[in-house]
Structure formats: C-alpha cells, structure tokens
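Predicted, not measured: the structure shown is a model, and the values here were computed from it. Naming convention: chains lettered A, B, ... in sequence-line order (proteins, then strands); numbering from 1 in each chain.
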Amino acid sequence: MGCLSVRIQVVLHSYLREKLPAQAKGRAALDLPEGATVADVFHRLGLPEQAAWSVNGVLQRDLSLRLAEGDELRVFRQGAGG
Amino acid sequence: MPGSINQRILHVDLSSGKTWIETPDEGFYRMYGGGSAMGVVYILREVPVGADPLGPDNVLTMFTGVPTGLPISGQSRLAINCKSPISGAIGDSQSGGFFPAALKAAGFDGIVVSGKAPEPVYLYLHHAQAEIRPAGGLWGMLTADADEAIKQELDDPKLEVLGIGPAGEKLVCMAAIMNMHNRANGRTGVGAVMGSKNLKAVAVKSTGKVEAANRAAITAMQRGGTKSIDQYPDVKGLGLNGTADVVAFQNSIGSLPTRNYGMGSFDGFESLCGDRMTDTILKERDTCYSCSVRCKRVVETEFMGSKVDPTYGGPEYETIATFGSYCLISDLNAVALCNQICNAYGMDTIATGATIAFAMECYENGLLTQADTGGLDLRFGNAEAAVTLVEQIARREGLGDRLAEGSARFAETLDARALDYLVTIKKTELPAHMPQSKKSLGVIYAVNPFGADHQSSEHDPMYEEGGFPHYYERLALLGLKDVQQPGAMTDEKIRFAYLGECFYSAMDSYSLCQFVWGPSWQLYGPKEMAELISAASGWDVTVEEILAVGERRLNLMRVFNAREGFTRAEDVLPKRFSKPLDGTGPSAGVAYPAEDLERYKDVYYRFAGWDPKTGNPDPARLAELGLAWAA
C-alpha cells in the first residue's frame with residue numbers, strides 16, 4: 001500500500017449498521033491507504049465475510065478487490081425472509 | 001388427551017345453522033400435523049369435483065398445528081384452505097398473530113366451514129363451544145371497525161377476532177381474511193370464499209391453556225432461542241427492520257421485481273429499505289403470541305393528506321415490492337397507505353399491488369386508455385393513481401371492478417398482447433422473489449399446487465457457497481451436503497428445492513412460522529423442530545417424519561388439483577419469462593426459457609415420485625404415504 005489515501009463511501013444495511021455509530025445510520029466516509037481492498041474495510045469495521053457486498057452498485061465476491069477514490073461500498077445481509 | 005392437541009375440530013354448516021364437534025384420534029394428528037394438510041383432507045372429502053369456489057359447496061378450513069398455543073416463538077400460525085376462486089385449484093394461505101393461539105386455547109384445533117348462511121353471521125367460540133350470531137350490523141364495516149364492534153357487543157376487549165372487510169363481502173378475488181386487522185391470510189382468495197358464505201368474522205375467547213407433554217423442554221427451547229437471536233444474523237435483521245430488511249439484498253442480486261417483473265433492480269430501492277423505514281415512519285415493533293423475534297412493523301405517517309393509522313400495522317417486504325418496485329413507486333409513505341387500505345378492506349397486498357402494476361403496463365402500451373381508467377393517469381410511478389386504484393378495487397368501483405377479478409381474468413378482457421405482460425401462475429400473481437435470479441425457486445413457483453409462493457421452499461442462496469456455517473449444518477440434516485456454486489442450476493439444486501419444499505410444507509402443516517423455524521437460516525433448525533413437536537405431543541418425532549408430513553400435504557394438494565383437471569401443462573412460468581429482463585443489475589439480460597423449465601420439471605417430478613407426463617401423484621406412492629384413500 002502507498003502513503004496516499006483514497007476516500008470511499010460505505011453504506012451498511014440491516015444488522016450490519018451496528019458496526020458504525022448509531023447516529024451514522026449505516027453511512028460513513030472512510031479514508032483508506034491507496035491500494036486498500038474490500039477485505040481491509042471488512043477487517044476495519046468487523047464485518048463478517050458472509051455478508052454480500054457491491055461496489056458502485058455491482059455485486060462482487062472477491063474481497064481482494066481494490067477500492068478507488070469515490071467508490072461506494074454497500075454491504076448487505078445476505079439472506080432470505082419476507 | 002396427549003400433549004398440546006385438543007382432539008376437537010369444530011364443524012359449522014352455515015346453510016342449516018348446525019355445529020358439531022369431531023374428536024379425531026391421535027393418529028390423525030400425527031399423520032397430518034394439523035394446519036394446511038389437515039384442512040386439505042376435509043376439502044378432499046367434502047368439496048364435490050367441479051364445485052363453484054364461491055358457491056355453498058366450497059369448504060373453508062381454518063387449522064392450527066400441533067404446537068400452536070405453546071409459549072415458544074413462531075408457533076401462533078393459522079392455515080386457511082379452500083378451493084381457490086382465483087385458480088380453481090387448491091387455495092392456501094397462512095397468517096400469524098394471537099388468534100391462532102387463542103383458538104387453540106378456546107378448545108379447538110380447527111374449524112371446517114361449509115354451506116352458506118342466509119344472512120350475514122359471525123362465529124363466537126368460547127369454553128369449547130360455538131355460537132352462530134347475526135352480523136347484519138357488521139356487514140360493510142372495515143376490519144378494525146368490525147373487530148371493535150364485536151368486542152363491544154360481547155363486552156370483552158380481550159377477544160381475538162378474525163374476519164373479512166368489504167372486499168371479501170363484495171367477492172373481490174384477492175380478498176384476504178384478517179386478524180388483528182393487520183395479519184393477513186392473504187393469498188389465493190380465501191377472503192372471497194368467506195364472503196361468499198356470508199361469514200363476516202370468527203371471534204374467540206381464550207378460555208383455557210394449551211399444555212405440552214414436556215413443558216420443561218418447551219421452556220428451555222424458548223429461553224435458549226431468545227438468548228441466541230443475535231447469533232442468527234438473518235433473524236436479527238428481521239427483528240430490527242422487519243421483513244423489508246431484505247430489500248437491499250434483493251435489489252443487489254437482481255431479484256427485486258421492478259416495472260411489473262420486467263426488470264430485477266430498482267433505482268429507487270433505497271427509500272423502500274427496511275432500515276429506512278426504521279429511521280423514518282416506524283412507530284413500534286410488534287410481535288405474535290409468545291414470539292421473541294418481533295418482525296412485525298407498526299408505522300405512522302401520511303400520504304395525499306390521508307393519515308396512515310398505526311392500528312393497521314405496517315408494510316411487509318412483499319407489500320413494499322408490489323406497491324413499490326413493481327409499480328416504480330419509491331415513496332414509502334404511499335406504500336404504507338396502500339398497505340393500510342388493503343388491511344382495512346381486507347385484501348392481499350401481493351395480488352393487489354401486482355395487479356395494479358400489470359394495469360400500469362397495459363396502460364403504457366395502449367391496451368388501456370383514460371376512458372377505461374376513468375381519467376386516471378396510470379403510468380408507472382404515479383403513486384396517487386395507485387392509491388386511488390386500491391380503493392376502487394376494494395369497493396369494486398370503476399376500473400377497480402374489473403381488476404377485482406385478478407390480473408389473469410382481467411387480461412382476458414383485453415387485447416391478446418396483454419398476455420405478454422401478464423405475470424401469473426395458475427392465475428395467481430407472483431410474489432417478489434425472481435426466478436431469473438433464483439432458478440430453483442422458479443421450479444417451485446411453477447409446480448406449487450396453489451400458484452407461485454415464496455414461502456413454500458428454501459431459496460437458492462441458502463444452498464450456495466458464501467453463507468454462514470449453520471445454513472449448511474442444518475441442510476445436511478435433510479440430506480443436502482453438496483453446497484452449490486452461486487447461481488448454479490443442477491439436479492442437486494432441484495433436489496434442494498424439492499426437499500426444502502417438503503420441509504416448508506411440513507411447517508405449514510404443523511403451523512409454524514417460517515421466519516423462526518426452518519431448514520437453514522432461521523432461529524431453530526430441523527433438529528429443534530423435531531424436538532418441539534416431540535415435546536408438544538409426547539411422540540418421538542424425527543426429521544424424516546417431518547418431511548413425510550410435508551410430502552403428504554403436497555400430494556393431497558396435487559390430488560385435489562388433478563381431479564379438477566390440472567396437469568403438468570399448468571406448471572408453467574409466465575410467458576414474459578422467456579424474454580431477457582430489461583434494466584440494469586445482475587439479472588438484466590437474463591431469461592428463464594420455457595424449455596429449460598420443462599427439463600427441470602422432469603427432474604423435479606422424479607424426486608417427487610409423480611407421473612412425468614401428467615405431473616400428478618402416483619397411486620403407489622400415495623399408498624406408501626398412507627394416502628390410498630385419496631387416490
């Protein structure tokens with residue numbers, strides 16, 4: 001990872017919102033080192049690997065995906081019910 | 001009397017005004033479990049072949065299950081069955097609330113209603129007795145008003161009341177039967193059948209207590225389950241944000257029906273999410289009798305100057321999808337008002353919202369004009385028009401009178417191009433999980449005896465890699481040990497769908513909530529379910545016995561359909577599924593070709609032991625299941 005940073009938006013749904021302060025209502029801007037991956041964000045926020053997630057609206061599965069400036073990472077309860 | 005069953009079934013002949021109590025032996029309960037399976041037994045016995053679903057020959061059954069009324073989560077459920085006025089096939093619908101537990105505590109396991117009352121009536125059940133009382137003064141009342149009026153008449157505010165609203169009285173095809181005026185036995189037109197019998201309501205006074213063969217075991221299971229909710233993320237999500245907790249995930253995988261099932265993702269999904277509801281219009285979380293999960297919503301808001309009254313609860317995921325994404329409406333307040341109108345008049349929100357979405361697509365393609373709509377601009381996204389149309393359907397006014405027949409019959413009155421936009425199976429509108437995204441669910445939609453249903457099997461993602469360990473540990477108990485790649489559609493996936501369907505079918509027989517009990521993600525798994533039925537009844541029940549109960553129900557339903565003329569030819573998906581989906585998202589461009597489904601059905605019928613030519617049950621298999629009487 002380099003020393004430059006990128007800013008991304010994180011949107012957490014369902015019970016995963018509890019990983020951020022309540023007043024954030026599941027949303028936060030995160031500054032990450034350049035080259036940071038989705039796995040880095042999962043580790044930082046304590047998200048379970050079983051969660052589903054998308055970057056800029058596209059569902060992905062490879063946690064080693066690198067994030068870029070302005071990306072929106074959205075994390076969901078992968079589930080059924082309803 | 002063993003354990004938690006009363007061994008008392010109430011029969012009501014509304015034509016003669018007679019009631020009597022049947023006292024089946026214990027083996028009858030062990031064979032069928034109660035609920036929907038037991039209801040279908042009576043429908044097969046008593047409904048003549050070819051009977052008019054809205055005539056006095058139809059039979060309406062209301063059944064609890066073996067564990068109903070015990071102090072544990074997810075047991076207060078009621079199955080209602082009849083011949084469906086929508087499809088002509090078997091009808092089936094489930095609900096929760098407090099009524100099911102109260103019915104059991106009043107001394108009844110179920111009710112079998114036949115005939116037709118000469119004038120409107122309601123039933124009053126208490127102390128294991130039944131009264132038929134006049135309901136002329138209640139006819140025309142909204143569900144909450146009728147509920148209150150009955151409590152006042154009987155001077156008992158603690159009564160549990162189940163009944164129909166004006167939609168059921170007017171024989172609206174998608175009419176529901178409501179309890180607590182916010183819990184719906186919504187699907188397959190059961191409310192219209194109740195209305196056709198001039199039966200407005202059933203009021204129950206909970207005058208006894210349901211006992212378990214092993215009460216200590218039930219108590220321990222309830223304590224353990226309540227403490228462990230946080231360990232089951234899917235259950236925790238339901239409690240936090242209601243069933244609408246899945247909106248975002250459904251949208252992300254391209255399984256959120258949008259623009260009348262023409263697309264799988266909705267740009268406006270965010271404002272419809274369960275967590276958005278929690279942050280905005282949620283007033284409180286609600287629950288059913290003795291349930292710790294608390295997935296029910298109560299909302300308070302307004303739209304078009306109309307208050308949304310908390311007494312009518314709040315919208316479920318299905319309601320949010322049908323009135324929201326199906327219709328391209330992203331205003332949660334509008335959806336909440338549509339939900340309220342449906343609950344007040346007593347209508348199925350799935351069928352009502354889906355029928356309006358179908359009408360919108362017909363309007364946009366010139367098959368309906370403003371002359372047909374009475375001036376309503378029925379373009380997709382017009383929330384005010386949708387609200388107006390819900391009321392028109394409920395009152396059978398204007399275009400609503402035509403739509404009240406359901407989208408399949410309505411389509412028959414339009415140009416043949418309407419069939420390109422029609423989204424029904426066995427004339428029943430589809431719920432909000434898309435087969436283009438969940439392929440094995442598509443097979444279940446097609447073969448399910450009462451039309452497409454999202455609560456009749458486990459969904460594909462639960463048997464695909466990437467889930468929590470408990471999904472796979474539990475599915476292994478059903479013999480499912482070959483977890484599939486995401487998106488795979490294999491014979492093993494169809495076996496998963498079939499075995500999952502048998503398990504869900506058993507839950508609809510024992511009358512258990514599928515958000516609490518189930519084969520994978522729920523609070524309690526198959527092992528615990530066997531323990532529950534054993535502790536309730538005193539029998540030594542295994543997972544294999546549970547699956548057999550579920551298989552019996554499915555076979556009985558298919559026997560009913562077969563005698564009504566249904567075959568493999570009716571086990572099909574909507575015509576539009578053969579064309580690729582529009583829009584964006586992971587399911588854009590994806591189709592579900594009819595020839596693919598035919599291959600899948602061959603595999604499914606083999607697992608089910610049904611005739612591959614007709615799709616109907618095999619007499620030898622029926623005999624093995626103890627159902628030779630039904631062959």
| message | For A:V11, which atoms come within 4.5 Å of any heavy atom of chain B: side chain, backbone, both, or neither? | response | side chain
| note | Ranking B:G467, B:G237, B:P586 by heavy-atom pairs under 4.5 Å to chain A gives rank one to B:G467
| said: Under 3.5 Å, is there a donor on one side chain and an acceptor on the other for A:D31 and A:S5? | reply: no
| message | Can you tell whether the side chains of B:D460 and B:K439 come within less than 4.0 Å, N to carboxylate O? | response | no
| said: Taking A:R66 first and then A:E34, would you say they form a salt bridge - that is, a charged N and a carboxylate O separated by under 4.0 Å? | reply: no
| When heavy-atom pairs shorter than 4.5 Å are enumerated against chain A, which of B:E465, B:E270, B:Q250 gives the highest number? | B:E270
| Under 4.5 Å from any heavy atom of chain B - which part of A:Y15 | both
| field | Interchain contact, B:D234 with chain A, by part (heavy-atom threshold 4.5 Å) | value | both
| By a 4.5 Å heavy-atom criterion (distance strictly below it), what part of B:I253 contacts chain A: side chain, backbone, both, or neither? | both
| request: Please confirm whether B:Y232 and B:H470 have ring centers closer than 6.0 angstrom. | output: yes
| field | B:E458/B:K438 ion pair, N-O < 4.0 Å | value | no
